[in-house]
Number of protein chains: 2
Amino acid sequence: MDEAGQAERRDPDTPPVRVARIQDVARLAEVSTATVSRVLATPERVSAEARARVMEAIAKTGYVPNPAARTLRSQKTYMVLVVLPDLANTFFSKILRGIEETLFEAGYGMIISDLDGSPEKEAHFAAFTAAGRVDGAILLNGHLIGQSRDGEGSAARIGIPLVALCEAIPGADIPQIEIDNRAAAAHMVQHLAAQGHRRIAYVSGPAGNILERERFQGFKDGLEKIGLPFDPELVIPGDFTIESGMAAGQNLVARAVRPTAVFCTSDEMAIGLMRTLLSAGLRVPEDVSVAGFDDIEFAAVAEPALTTIHQPRRELGQAAAAALIDLLQGRPTPKRIRLETELVVRASVAPPRTN
Amino acid sequence: MDEAGQAERRDPDTPPVRVARIQDVARLAEVSTATVSRVLATPERVSAEARARVMEAIAKTGYVPNPAARTLRSQKTYMVLVVLPDLANTFFSKILRGIEETLFEAGYGMIISDLDGSPEKEAHFAAFTAAGRVDGAILLNGHLIGQSRDGEGSAARIGIPLVALCEAIPGADIPQIEIDNRAAAAHMVQHLAAQGHRRIAYVSGPAGNILERERFQGFKDGLEKIGLPFDPELVIPGDFTIESGMAAGQNLVARAVRPTAVFCTSDEMAIGLMRTLLSAGLRVPEDVSVAGFDDIEFAAVAEPALTTIHQPRRELGQAAAAALIDLLQGRPTPKRIRLETELVVRASVAPPRTN
DNA sequence: AAGTTGTATGTAATCGATTACATCAAGCGT
DNA sequence: ACGCTTGATGTAATCGATTACATACAACTT
């Protein structure tokens, strides 16, 4: 025999936990291991009597199949990788919960990878998937793993099922779950215009980001629809974070001629921006109206409460997980799912002063 | 032979990805698989020449060890389970990031389980750990898996290394990483008193929660130190959520005699409470001072900016992960690590009006 | 020179499931 | 009654690593 057999794992006072193996169940139920395996995988192919005996033996022994052995043989991990750019970002947490819920119900576990802007980590996770640690992946980061934003990727070749969530991945032939960012942004501009605003600033997301591009397009669509010219002076750079929102606020405060409304492409930026405006003695919405995007929890309790675009985050997560599961189990999957957004009107937007 | 050999995974247009196996590396390097394995695990036990050949073969083939096979044989998963009560709670995200960072550097992956208050899920994850899917677990939920808050648990018997983070687990002989909630709460009360407050309300966490118990003790400690009587009337129930903070705000608004300061045991409650007060026409801090606990990102940008207790969340996560890794690798681990908190003074607390 | 020790490597058992294939009995058509 | 299908079950190969044990050889001792 090998080694010390079933030695305790660490030290003598830890009871030597013997987990039941399929052999133990088979012996107890007086069947072969094949039958036990079949009871779990394809119960209809086992006689009722044998099935009952096996089930009883499983209950008695507390048998749980060893996932490593199962994976090794069947090449299925029942694990899904979720790749996201920043775990600490509020926006993702509710999405993650939606994903987790749906995966859990289907018997899948979730492994999270926070890319953290590090190519090194990305390479690691590319290897991760390649090594067969997961059956599939949900990508929230807007590009394939191991692929530069514009270059050729390796993840597609890895050949595990992928689903893109929120940030569509151009050119990738995988299911995309998203909202209509462009239409939602246009909608917001129209709302601001309907309140009487004519000088509307735009606080952008990070350059190159697909959400940013779509929302920016929507911003311009909105201006066009209401017959306003696009003024590059009114575009303020941001990157979706609170800090960049505060910086954008400084930018505004420093201006001689200020816009009457500011459309921030994330709630975090809107809240940061409002903070700066208020600290500088400007009032929202009396002096400047502010609108956000996402409808995170804090949007409703900000002061003033934030007018924004509601994204069904939990549902987005659920839909992505469901799509991936369909893919994994060989069911047909729509290539694109678009969930509805909603304009949420709160106190941070009001008609401009008419003086 | 078995089945269809190395058939493509899904459909014919997916290139049949052949991942290199240890055999392939061994053949290419003209050594046995044992030597390849040793190069990876104990390079010092392999001659320099053989090692070089193997390394080259690994690079050439892009070999990555199959984790399922490795786990099956060695009983090590290089996976850690993180159990938390609510993934959607802002408070946890930065902690998770700290955990992930440290685990990643040590070559461990992270599986997240959102308990979501469901005993069913808990049972599932107890089985999860029992089945050997993870080497260890970090518990943020304040009790052992599969154990009721006061009852006997099964997780301890499962025998995998555990670490408790934030919510100490009384009676469990495992490393606990936390802050001194009691001292921090007392500190805040003293700060409020130093500003001149004498009627200080307390918005509690969920009943029975260990954080709540400690902070409540600290609240009473603080009162005692400054010679104020404890008044049960000034305790308002909450559960750490924004919503409960808003409800607590209603409670205050409805009172004839209001406290001059409110200490909320979470920032989320403080922000919700301020929302309600402001909506009711009360001013913060002019009419009521408000203090929080945690120092989440939004505390600094709230209006008014929130005075609170800063918790080093990332560091807490890192410390917990490091402790678990020590445990997993057989190094000695301190039974209790307490990280420092800091009182962050912002605008939401001011001296009470003297009229 | 024989014995001892140590180092490097190979051989093959092993981890615990899944599953292709073999076997066997019962049911059925003719 | 004979062959054939169908259904239930068992046997054993297999997944891809790790690692106990065996072996081979070089370097020292005495």
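Chain identifiers are assigned alphabetically (A, B, ...) following the order of the sequence lines, protein sequences preceding nucleic acid strands; residue numbering begins at 1 within each chain.
- Distance A/Arg45 CZ to C/dC21 C1': 13 Å, rounded to the nearest Å.
- A salt bridge links B/Lys60 and B/Glu56; the closest N-O separation between the charged side-chain nitrogens and carboxylate oxygens is under 4.0 Å.
- Counted by atom type alone, A/Asp135 and A/Thr77 present one or more donor-acceptor pairs between their side chains at under 3.5 Å.
- When the P atom of D/dT14 is taken as reference, atom CD1 of B/Ile22 falls 19 Å away, rounded to whole Å.
- The side chain of B/Arg70 places an N or O atom within less than 4.0 Å of a non-bridging phosphate oxygen (OP1 or OP2) of D/dT18.
- Under 3.5 Å, the side chains of B/Gln23 and B/Arg21 contain no donor-acceptor pair of N or O atoms.
- Separating the CD atom of B/Glu49 from the C1' atom of D/dA26 is a distance of 14 Å, rounded to the nearest angstrom.
- Across the protein-nucleic acid pair, A/Arg51 atom CZ and D/dG7 atom C1' stand 13 Å apart, rounded to whole Å.
- For D/dA17, the OP1/OP2 oxygens have no side-chain nitrogen or oxygen of B/Thr71 closer than 4.0 Å.
- Projected onto DNA chain C by closest heavy-atom contact, B/Ala69 and B/Thr33 fall at different nucleotides, the more 5' of which corresponds to B/Thr33.
- In this structure, the CD atom of A/Glu44 is 17 Å from the P atom of D/dT6, given to the nearest Å.
- Among the nucleotides C/dG16, D/dA17, D/dG10, the one closest to any side-chain atom of B/Arg73 is D/dA17.
- Look at A/Tyr63 and you won't find any side-chain N or O under 4.0 angstrom from OP1 or OP2 of C/dG16.
- Within the nucleic acid shown, B/Thr35 comes within 4.0 Å of sugar-phosphate atoms alone, with no base atom in reach, counting heavy atoms only.
- Residue B/Arg53 contributes atom CZ, which lies 11 Å from atom C1' of C/dT9 at whole-angstrom precision.
- Here B/Ala50 lies in heavy-atom contact (under 4.0 Å) with sugar-phosphate atoms only.
- Distance check, rounded to the nearest 0.5 Å: CG of B/Asp114 to CD1 of A/Ile99 gives 12.0 Å.
- Closest-nucleotide positions on DNA chain C for A/Val36 and B/Ala34 were compared, and the one nearer the 5' end corresponds to B/Ala34.
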**Study point:** Evaluation steps, side-chain contact (heavy atoms from CB on, under 4.5 Å), between A/Cys166 and A/Ile95
**Key:** CA-CA 10 Å; A/Cys166 290; A/Ile95 290 182; 3.8 Å; yes

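- Dashed line: the shortest gap from a side-chain N or O of A/Arg21 to OP1 or OP2 of C/dG16 is under 4.0 Å.
- Applying the 4.0 Å criterion to OP1 and OP2 of D/dG7, one finds that A/Ser47 has every side-chain N and O outside that range.
- Distance CG (A/Asp24) to P (C/dG16): 9 Å, rounded to an integer number of Å.
- Straight-line distance from the CZ atom of B/Arg38 to the C1' atom of C/dG10: 8 Å, rounded to whole Å.
- In terms of phosphate contacts, A/Ser74 brings no side-chain nitrogen or oxygen within less than 4.0 Å of OP1 or OP2 of C/dT18.
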